[in-house]
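Presented below is the structure to which this report refers.
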Amino acid sequence: MEPVYRPERVEREAQAFWDATGAFRAVEIAGRPKYYCLSMFPYPSGKLHMGHVRNYTIGDVLTRYYRMRGYNVLQPMGWDAFGLPAENAAIANGVPPARWTYDNIAYMKSQLRSLGFAIDWARELATCKPDYYRWNQWLFLRMLEKGIAYKHTGVVNWDPVDQTVLANEQVIDGRGWRTGAVVEKREIPMYYLRITKYAEELLADLDKLPGWPERVKLMQANWIGRSEGVNFGFPYEIDGERKLLRVFTTRADTIMGVTFNAIAAEHPLAARLARDDPKLAAFVAECKAGSVMEADLATMEKKGMPTGFFCTHPLTGARVEIWVGNYVLMGYGEGAVMGVPAHDERDFAFAKKYGIPIRQVIALPGKTYSTDEWQEWYADKEHGTCVHSGKYDGLGYGEATNAIAADLKAKGLGDKQVQWRLRDWGISRQRYWGTPVPLVHCAKCGDVPVPDHDLPVVLPEDCVPDGSGNPLARRAEFVHTACPRCAGPARRETDTMDTFVDSSWYFARFASPDAGGAMVDARVDYWLPVDQYIGGIEHAILHLLYARFWSKVMRDLGLVKFGEPFANLLTQGMVLNHVFLRTDEKGKRTYFAPEELDIVHDEAGRVTGARARSDGRPVEYAGISTMSKSSRNGVDPQALIEQFGADTARFFIIFTSPPEQTLEWNDAGVEGASRFLRRVWSLAHELSAVLAAESRRRAGAYAQYAYPADWAAQHPQLAAARREMHANVKQATYDIGRQQFNTVASAAMKIYNALAAVPRAGDAAQAAAPLLHEGFSILLRVLYPIAPHIAHVLWRELGFADDPMGASWPDADLQALETDELELVLQVNGKLRGHLRVPKDADRATIEQLALGHDAVAKHADGRAPRKVVVVPGRLVNVVV
RNA sequence: GCCGGGAUGGCGGAACUGGUAGACGCAGCGGACUCAAAAUCCGCCGGCCGCGAGGUCGUGCGAGUUCGAUUCUCGCUCCCGGCACCA
């Protein structure tokens, strides 16, 4: 055995063994308990970053742990291979997205392999391959047939210079990322998926997911956003026609306080009124500037313009002026909202700004309403009652809402309605690198679906986007086609699908990656649902909601039997790093990687600024955020792996923080992980003769260790070491169960420390041989899920039977933990004043007696008599005086 | 702006159901070994007062509940994630 730990040799040896034995191939075995462990597949951005290492190490720890527990485990891997970065790379380098993507996949796969993850690579898939995305197209056509997919207009970010649609990410402070031009909103035709049809079920089924973090379920529930209210209309007449301005409100009880209504700039009525009013037309045009992002809309200054046009209050018959507001969005509900300044904080601010009347209609006992300043209670619907509201005066929120809804219904103007915040999923992208939408546009037949037998509609792989729109639309041989219905000349749809489509069902395809004639086959019934899904908390809403929706659609089509794809979810905290950038006069940002800079810190060690090494000029510090390719703050694990080995990288990332916690990257401590593994190796080497002999004596067995009855009494030091080992096995098992893996790594270190403290000079090692053997069998098995290469190689070197993946996880021997005496903490008035040794079976009265007789109690009681004695069994005594 | 989460020594973190705050590790300091350095090994290591025994303060800030609060409640501050076309 090598005297010194050489990670590269150890890792080569272990990986060769796993490859040769096909150790990670997952085969369906009827009757054996299965465990499908899935980490979110990566976007092939170029190289792995620490977030990937963290994600996949967590998955691998669970995969190997469940293998040791006897489960038939599947851990697959694939590539979320369509997406915007490939097009950005093409704009920058002229390399076709396909080639860039495949090159990145090859490199990142080699990195994943070097980390030794127990992945079944035979199931690898890439979403940019036709045999995958053809099923996106196929299911889209099924949704079209069922009315789940439909065509409708939608608003997008438009760069007027590049004449192209921009992603939200490409809009910086309201301007296009490349041109610096002010972005406009533009309405275009799009395809939508009717996720709102499933809103009720998506919300209700959250209760069927006890294995999901509460915070994720809460975020999803809030996102879906069920609210009960009233949908009703304000009658108006225009061009000789009677119409209704429809609004939805959850505060129908305040309807008598309506003093204005606001409509979106895109509302048909706004367009109509602007026709006769140049000032309004200018305002409507102004509202079109800026992005469509919710965060922008919510933070921008609320502006409005009166139209001079009035509708009628449905209950009072009063005239209510209609305003156009830049904060009202078409596509949210009806594109119109009623304005009740007295009882809505935003309406209040808007009314004060524009001098719109504020009319109090809710009162609280003991409170005085004033229009001078907004008060929290103005919006209180729990305790308020109606005032200045005629027949509704004195009613509370529920009664008033019911009465008003009934009156509106009687007039045929409205009714109660359940409204969802969730909107339908727009999947059209005016981009090249994605799944082609399988439709053909024919002048005679309209939008015609591509027949199933013509799928897939294959995306040409040699286009090079240049930032000025979709190159697919300029590819004549793609665009020009024959209408499947009338065989006449027709145009292919050139929009592609949102990449969230790709990731909405890949977990099912892993069960049957080679199914040629179907989306999935019977093997999904064996593996699905996923037993443990692991991925970043940033996916808490969108990806997970879309995957849940897609699964329900597949279920309703009879393709799968499950309605919820992920039984248990572990949301990993983000790995963060500092971000540095420069912004030019056009607002264009250039990011700098930390290694390109000299970083300036203040006395407290905080980053205050930096200079680029290349030109010595200052660079702006933009705080810390998620490691990403776009902000160039990713840390490539390659250097770490090359310098210290995969096991050190894995051990370090696990040890440094619990999985769900946000992690600010800092590699101080990597040395410690490396040192620990070297120490384990050195101790194994030092004891290899003793341990190998013990292994031979026991024929490699590691499950049962029996010690003579008087062993503990004879060898108190060894018994203490054994107690420490088993206490930590217990701890590690508990912690792995609650997915706190950093303390599993700590437990491994503590087991090592106990083992290293066992006397082993001269003949002592011989005397302690059984304990050392037991201790190593425990240490290597606890270590195995985290640092499998070294554990695998040492396991075999020391002569243990099997290999550690086939070995069972150690059981704590609870008898080894028992002691005759306990040490209790002694408190006086809740402050630590001493310790108390008591027999382990001492009763309450005895403990109280011992406590009251303790010197520290007399000293700190200051002559006062004890009023109360609190005894917490096995822990502490608190004497209250 | 809205939704969700976080804050504990110089640093990463531990503390299981309200019960010894700081496990384990990093950095630092002192020592051993060495011609020397690295590596390795041993010891110390929250602040303040004290020679010491010990005392006292201390888990982002401010209140509260409790015999006892890092843990529960209320109100703040700052940071992170998401906000529907980054993935």
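Fair warning: this is a prediction, and the values are worked out from it, not measured in the lab. Letters A, B, ... are given to chains in the order of the sequence lines, protein chains preceding strands, and every chain is numbered from 1.
Closest to the Ile537(A) side chain, of the nucleotides A87(B), G13(B), G81(B), is G81(B). Comparing C83(B), G55(B), G82(B) by their nearest atom to the side chain of Ala295(A) picks out C83(B). Proximity note for Arg738(A) (side chain, C-beta onward) versus G12(B), G4(B), C16(B): the nearest is C16(B).
The ring pair (Phe, Tyr, Trp, His ring centres under 6.0 Å) check on Phe348(A) picks up Trp374(A), with sequence neighbours excluded. Among residues two or more places apart in sequence or in another chain, the side chain to side chain contact (heavy atoms under 4.5 Å, CB included) test is passed with Asn666(A) by Ala668(A). Not counting sequence neighbours, Thr662(A) has no partner by the side chain to side chain donor-acceptor pair (under 3.5 Å) test. Applying the side chain to side chain donor-acceptor pair (under 3.5 Å) criterion to Asn88(A), with sequence neighbours excluded, gives no partner residue. Under the rule for a ring pair (Phe, Tyr, Trp, His ring centres under 6.0 Å), the partners of Tyr5(A) that lie at least two apart in sequence or sit in another chain are Trp681(A).
For Arg421(A) and C3(B), the shortest distance from a side-chain N or O to OP1 or OP2 is not below 4.0 Å.
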Contacts under 3.5 angstrom, residues 868-876 of chain A side chains, donor-acceptor by atom type, not counting sequence neighbours:
none

Side-chain donor-acceptor pairs under 3.5 Å in residues 540-550 of chain A, sequence neighbours left out?
residue: His543(A); atom: NE2; partner: Tyr533(A); partner atom: OH; Å: 2.7
residue: Arg548(A); atom: NE; partner: Glu564(A); partner atom: OE1; Å: 2.9
residue: Arg548(A); atom: NE; partner: Glu564(A); partner atom: OE2; Å: 3.2
residue: Arg548(A); atom: NH1; partner: Leu202(A); partner atom: O; Å: 3.2
residue: Arg548(A); atom: NH1; partner: Gln220(A); partner atom: OE1; Å: 2.8
residue: Arg548(A); atom: NH2; partner: Leu202(A); partner atom: O; Å: 2.7
residue: Arg548(A); atom: NH2; partner: Glu564(A); partner atom: OE2; Å: 2.8

| task | Let me have a per-nucleotide readout for nucleotides 47-53 of chain B, 5' to 3', with B, S or -, counting only protein heavy atoms under 4.0 Å. | result | -------
| said: Walk along nucleotides 19-30 of chain B from 5' to 3' and tag each nucleotide B, S or - by protein heavy-atom contact under 4.0 Å, base first, then sugar-phosphate. | reply: BB--BBSSS---
Mind listing the N/O atom pairs, protein and nucleotides 8-10 of chain B, below 3.5 Å?
none

Atom pairs, N/O to N/O, protein against nucleotides 77-80 of chain B, distance under 3.5 Å?
residue: C80(B); atom: OP1; partner: Ile624(A); partner atom: O; Å: 3.2

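Side-chain polar atoms of Trp177(A) and Asp159(A) form no donor-acceptor pair below 3.5 angstrom.
Here A87(B) presents its C1' atom at 14 Å from CD of Gln572(A), a figure rounded to the nearest Å. As a whole-Å value, the separation of Asn168(A) CG from C83(B) C1' is 10 Å.
Trp433(A) and Phe82(A) have perpendicular rings, their planes meeting at more than 60° on a 0 to 90° scale where under 30° would count as parallel. Using bins of under 30°, 30° to 60° and over 60° for the plane-to-plane angle, the ring pair Phe350(A)/Tyr327(A) lands in the perpendicular bin.
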| query | Which string of ( ) [ ] | and . matches RNA chain B, if you list each base 5' to 3' and count Watson-Crick or G-U pairs only when both distances are under 3.5 Å? | reply | (((((((..(((......[....))).(((((.......))))).((((....))))..(((((..]....))))))))))))....
